[in-house]
Asks: 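Mind having a look at this structure? Questions to follow.
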Protein chains: 2
Amino acid sequence: MSRTKARVALLQELEAAMRRSSAQGVLYGQTVANVAGIANSDLECMDILYLEGRVTAGRLAEVTGLTTGAITGVIDRLEKAGLVRRERDEKDRRKVFISVVPETAMKIGQLYVPMQQAMEKVFGAYSDEELRLLLRFANEGYKGVLAATEALKSLLDTPPEKRPDLKLKKLRR
Amino acid sequence: MSRTKARVALLQELEAAMRRSSAQGVLYGQTVANVAGIANSDLECMDILYLEGRVTAGRLAEVTGLTTGAITGVIDRLEKAGLVRRERDEKDRRKVFISVVPETAMKIGQLYVPMQQAMEKVFGAYSDEELRLLLRFANEGYKGVLAATEALKSLLDTPPEKRPDLKLKKLRR
DNA sequence: CTAAATCTCTTAGTGGCTAAGATATATATC
DNA sequence: GATATATATCTTAGCCACTAAGAGATTTAG
């Protein structure tokens with residue numbers, strides 16, 4: 001594999017461009033939460049529910065990185081807003097499944113319309129084949145980021161004297 | 001333009017894949033902040049400083065969507081941690097430029113190594129031409145998300161009775 | 001049948017955030 | 001050139017989401 005200067009520059013530019021766009025994506029999410037009048041974490045959980053369907057409170061904690069206590073608060077607020085429902089699992093009565101209430105959650109979904117329209121416009125300029133490339137990249141990128149997250153977390157479990165010299169805090173589980 | 005079923009399905013899959021990977025990207029950032037022992041917003045500002053170089057406190061507020069008061073707190077914490085420096089603008093003494101202290105900020109940068117390695121691995125599977133496609137998409141996607149953010153914000157300025165029925169909160173400037 | 005594990009919820013305390021206004025400096029108007 | 005308005009950052013009070021620790025309820029293991 002030839003690692004020419006041009007390619008290195010390309011890779012750097014790509015990294016910067018992706019950081020920029022992903023940062024802007026975060027801002028879009030903040031704006032949605034702001035307009036909807038719910039907390040950021042609340043919206044993040046709605047997003048997870050949209051992607052994964054019916055999940056347990058514990059799973060939400062796992063995916064968001066919040067404590068279970070914080071998740072209880074999230075669900076309380078979302079439930080009070082009529083956006084989700086708690087459903088005890090009849091098989092294992094310790095578990096609480098959370099599911100969205102489609103009629104009200106739809107209102108949140110509408111706030112993504114500007115984003116969808118913008119993306120539709122962007123995607124419109126690409127051929128099916130190009131879109132498949134983007135899809136492949138999105139999937140592989142996801143796996144890569146996931147692996148990187150695990151690698152970073154595992155840094156915490158390596159002997160402290162072998163780590164980069166940082167003020168370290170215990171990572172929440 | 002033929003909008004076949006296959007293409008619609010492809011677009012949906014693409015949207016889901018991108019949401020997934022971007023959500024995971026957010027989690028990576030949270031983990032970095034956690035390991036570094038700084039707040040999320042603090043890390044976000046470090047990121048902006050990395051991308052934009054020397055910027056004013058006000059610019060940080062603008063880009064992050066935080067109030068100037070919150071930014072003061074961010075800078076206080078970062079300065080105390082030795083990660084940034086305040087520098088009064090001599091031309092306009094109301095302004096405060098913030099710049100990173102490279103020696104210490106490097107330690108934060110190291111936490112992105114797992115991410116860079118993962119991305120290097122992913123990118124390695126693509127030709128230069130394919131990478132250019134990804135770059136083009138990242139740039140266009142950024143513009144799209146930016147436009148969508150503005151469109152969403154402007155929803156707030158439209159007559160309230162014409163908006164989707166939502167609990168609305170005033171959006172911070 | 002008891003002990004340990006698992007899952008969610010509760011409580012107390014902490015810290016970053018907003019809103020409002022104070023302070024300092026710059027620009028515009030007369 | 002003096003006064004008024006605008007701009008940029010900081011300060012303060014109060015709020016609310018978060019963590020840490022542990023309680024309560026249920027399941028699984030020995």
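Chain A is the first sequence line, chain B the second, and so forth, proteins listed ahead of strands; every chain is numbered from 1. Reckoned from all heavy atoms, side chains included, excluding hydrogens, waters and symmetry mates.
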Asks: T68(A) has a side chain; which of dC10(D), dC9(C), dT19(D) sits nearest to it?
Replies: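 Side chain of T68(A) sits closest to dC9(C).
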Asks: Whether R85(B) engages the ring of F97(B) as a cation-pi pair (distance to the six-membered ring centre under 6.0 angstrom, angle to the ring normal within 45°) should be assessed.
Replies: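 No cation-pi geometry.
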Asks: Does NZ or CZ of R19(B) lie under 6.0 Å from the centre of the six-membered ring of Y112(A), at an angle within 45° of the ring axis?
Replies: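 Relative to the ring axis of Y112(A), which defines the angle, R19(B) lies inside both limits.
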Asks: Looking only at atom types and distance, does a side-chain atom of R54(B) sit under 3.5 Å from a main-chain N or O of I98(B), one as donor and one as acceptor?
Replies: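 No: the side chain of R54(B) does not pair with the backbone of I98(B).
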Asks: Starting at atom CZ of R59(A), determine the distance to atom C1' of dT8(C), rounded to an integer number of angstrom.
Replies: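 So the CZ-C1' distance, R59(A) to dT8(C), works out to 17 Å.
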Asks: Are the side chain of T104(B) and the backbone N or O of G82(B) linked by a donor-acceptor pair below 3.5 Å?
Replies: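 Confirmed, T104(B) side chain pairs with G82(B) backbone.
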Asks: For dC18(D), take OP1 and OP2 only and decide whether either is under 4.0 Å from a side-chain N or O of S41(A).
Replies: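 Yes, S41(A) has a side-chain N/O under 4.0 Å of OP1/OP2 on dC18(D).
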Asks: Classify the nucleic acid contact of A57(B) as base, sugar-phosphate or nothing, counting any heavy atom under 4.0 Å across all strands shown.
Replies: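 Sugar-phosphate: the residue A57(B), judged by heavy atoms under 4.0 Å, touches backbone atoms but no base.
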Asks: Within the sub-3.5 Å range, which N or O atoms of nucleotides 26-30 of chain D have a protein N or O partner, and how far apart are they?
Replies:
unit_1: dT27(D); atom_1: OP1; unit_2: R93(A); atom_2: N; d: 3.3

Asks: If I take atom CG in residue N40(B) and atom P in nucleotide dG16(C), what distance separates them, rounded to the nearest angstrom?
Replies: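 One finds 11 Å between P of dG16(C) and CG of N40(B), rounded.
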Asks: Out of dA17(D), dA19(C), dG16(C), which has the shortest distance to the side chain of R77(B)?
Replies: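 That would be dG16(C).
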Asks: Name the closest nucleotide to the T56(A) side chain, picking from dT8(C), dC17(C), dT9(D).
Replies: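 It is dT8(C).
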Asks: When the distance from CG of D89(B) to P of dT7(D) is rounded to whole Å, what number comes out?
Replies: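 Result: 17 Å.
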Asks: Check the distance between dT11(D)'s P and I75(B)'s CD1 and give it to me in whole angstrom.
Replies: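 From I75(B) CD1 to dT11(D) P: 11 Å.
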Asks: In whole angstrom, give the distance that lies between atom CD1 of I38(A) and atom P of dA17(D).
Replies: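 Rounding to the nearest Å, CD1 of I38(A) and P of dA17(D) are 11 Å apart.
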Asks: Measure the distance from CD on E44(B) to C1' on dG16(C) and round it to the nearest whole Å.
Replies: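 After rounding, the gap between these two atoms is 13 Å.
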Asks: How close do Q30(B) and T64(A) get, counting heavy atoms only, and between which atoms?
Replies: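 Shortest heavy-atom contact: OE1-O, 3.3 Å.
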Asks: Which of the following nucleotides, dC7(C), dC17(C), dT9(D), is nearest to the side chain of K95(A)?
Replies: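 Taking heavy atoms from C-beta onward, the closest nucleotide is dC7(C).
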Asks: In whole Å, I'd like the distance from the CZ atom of F97(A) to the P atom of dT8(C).
Replies: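 Computing the F97(A):CZ to dT8(C):P distance gives 9 Å.
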Asks: Please determine if a side-chain N or O atom of R86(B) lies less than 4.0 Å away from the OP1 or OP2 oxygen of dC10(D).
Replies: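 Yes, R86(B) has a side-chain N/O under 4.0 Å of OP1/OP2 on dC10(D).
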Asks: Does the Q12(B) side chain pair with the main chain of A9(B), one donor and one acceptor, at a distance under 3.5 Å?
Replies: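 Checked: no pair found.
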Asks: Below 4.0 angstrom, N of the basic side chain to O of the carboxylate: do E129(B) and R132(B) qualify?
Replies: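 The answer is no: the pair does not qualify as a salt bridge.
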Asks: G69(A) or I71(B): which one's nearest nucleotide on DNA chain D is closer to the 5' end?
Replies: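 Here I71(B) is the residue nearer the 5' end.
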Asks: Within this structure, what is the CG-to-C1' distance between L66(A) and dA20(D), rounded to whole angstrom?
Replies: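 After rounding, the reported distance stands at 14 Å.
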